[in-house]
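Values below: every heavy atom of this structure, side chains too, minus hydrogens, waters and symmetry copies.
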Amino acid sequence: MTDTIKKVHGGSFFTGFASFFRAFGFILKTRGMGRYFIIPFLLNIIVLVTVFLISYDFFSTWFSGLFTGDAWYMTVLRALLKPVLFILISIITILVYSITGCIVTAPFNDFLSKKVEMEITGERFDDKFRISVFIGDVLRIFFSISLLVLIILLLNIVLFLLNLIPAFGQAAYAVLSFLTASFFIGYQFFDFPLERRRIGFSRKLWITWRHKWMVMGLGAAFFLVSYIPIIGFLGLNCATIGGTMLFIEHMKDESLDPGSPGRD
């Protein structure tokens, strides 16, 4: 299957979005892929249901307690903020699900990503366990996740302030928060092949930002499909396959470029 995918450059939002669904074709064409989905599928059900229940319960209780009273202006305020709250809860829920799900299913999806890359390129990876390498990997992954969460929190605080601008602010917040969430959701699925090459966080962010619309497209597809019953539980797996295919097509050469920022 080494000649199945032709290397291309660039990549649009649609390219990223469509890659999620291209993953189904890859699964059907590749013998033995089904067995990599059983355990992650069950874990995804637990993670997604848990995150949804906790998120909606927490935010609904918080919102109800924050805007109480029968005054007319409180009624207007509740009406204005309900759409914002719905958007915020949806984005945070899927973002938390993608981060939590990627952490919980990381061993399975990393193996899945590796399997996809080996099937497409014929490349083999050194799987020999070395304690020094393992400790270094754990520390780098922890550092990367911590920075990613910090960036997401800071961006959301800044974007939330847009709601103070009448009319335009809410529309701008809805669009920008969706796009930024889509980027960071999509980023995680490119992280598997990038992390396999032990690339530092700043360089991974630089590479994915160069293809930001494509990364957003994959993240947006995952975001939307997560709300579809049954199929949504396969989201992490399909996005992992889609992200790995896009990495091979668009980013692999850049990841080997010693002159790019963040080279370790």
Side-chain angles (χ1 to χ4, degrees), residues 17 19-24 26-28 30 32-63 85-116 134 137-138 140-150 152-153 156 177-178 180-196 215 218-245:
F17 193 90
S19 71
F20 183 95
F21 302 97
R22 286 171 55 201
F24 289 102
F26 181 87
I27 295 167
L28 294 174
T30 309
M33 290 296 292
R35 64 176 179 268
Y36 299 115
F37 283 73
I38 299 172
I39 295 178
F41 179 79
L42 297 175
L43 289 174
N44 288 343
I45 294 175
I46 297 171
V47 173
L48 183 57
V49 171
T50 302
V51 170
F52 263 83
L53 291 175
I54 292 175
S55 297
Y56 276 89
D57 180 64
F58 173 79
F59 282 106
S60 296
T61 303
W62 171 75
F63 183 76
L85 181 68
F86 177 77
I87 294 170
L88 182 63
I89 290 176
S90 299
I91 290 174
I92 290 177
T93 299
I94 298 300
L95 189 56
V96 171
Y97 165 54
S98 69
I99 294 174
T100 308
C102 278
I103 293 172
V104 172
T105 63
F108 305 99
N109 283 331
D110 181 53
F111 188 77
L112 178 61
S113 174
K114 188 183 298 183
K115 173 70 174 176
V116 171
F134 175 75
D137 288 347
V138 170
R140 186 175 58 258
I141 291 169
F142 178 78
F143 178 72
S144 295
I145 292 174
S146 300
L147 279 177
L148 185 66
V149 171
L150 180 61
I152 291 170
L153 287 174
N156 274 279
S177 59
F178 177 74
T180 53
S182 294
F183 173 80
F184 286 113
I185 290 171
Y187 167 88
Q188 295 169 89
F189 302 112
F190 291 93
D191 193 52
F192 290 111
L194 288 167
E195 181 60 35
R196 194 152 49 244
V215 176
L218 178 61
F222 173 83
F223 183 96
L224 297 174
V225 171
S226 294
Y227 284 98
I228 301 176
I230 308 300
I231 296 177
F233 297 131
L234 296 172
L236 289 171
N237 308 100
C238 293
T240 297
I241 294 173
T244 303
M245 290 192 296

*Which heavy atom of Ala220 sits nearest a heavy atom of Phe178, and at what distance?*
CB-CZ, 3.9 Å

_Distance check, rounded to the nearest 0.5 Å: Ser226 atom OG versus Leu234 atom CG?_
10.5 Å

_Residue pairs passing the salt bridge (Lys or Arg N to Asp or Glu O under 4.0 Å) test where at least one lies in residues 36-46, sequence neighbours excluded_ = none

*asked:* How close do Ser113 and Pro193 get, counting heavy atoms only, and between which atoms?
replied: OG-CD, 3.8 Å

*OG1-CD1 distance between Thr50 and Ile45, expressed to the nearest 0.5 angstrom*: 11.0 Å

_Please report the interatomic distance CZ(Phe17) to CZ(Arg22), rounded to the nearest 0.5 Å._
14.0 Å

*May I have all residue pairs that pass salt bridge (Lys or Arg N to Asp or Glu O under 4.0 Å) and include part of residues 102-111, sequence neighbours excluded?*
Asp110-Arg196

_Other residues, nucleotides, ligands: >12 heavy atoms within 6.0 Å of Phe111 CZ_ = no

*Go through the steps for Phe108 and Thr240 under the test side-chain contact (heavy atoms from CB on, under 4.5 Å), then give the verdict.*
CA-CA 10 Å; Phe108 305 99; Thr240 297; over 6 Å; no

_Exactly one of Asn109, Leu112, Leu236 should register a side-chain contact (heavy atoms from CB on, under 4.5 Å) with Ile241. Which one does?_
Leu112

_Parallel, tilted or perpendicular: rings of Phe189 and Phe222 (30°, 60°)_ = tilted

*asked:* Tell me the closest heavy-atom pair linking Leu218 and Ser19, and the distance in Å.
replied: CD1-OG, 3.5 Å

*Just by modelled atom types, is the Ile27 backbone N or O under 3.5 Å from a matching donor or acceptor in the Thr30 side chain?*
no

_With heavy-atom distances below 4.5 Å as the criterion, would you say the side chains of Val225 and Phe21 are in contact?_
yes

_Closest contact, heavy atoms only, Phe20 versus Gly235_ = CE1-O, 3.5 Å

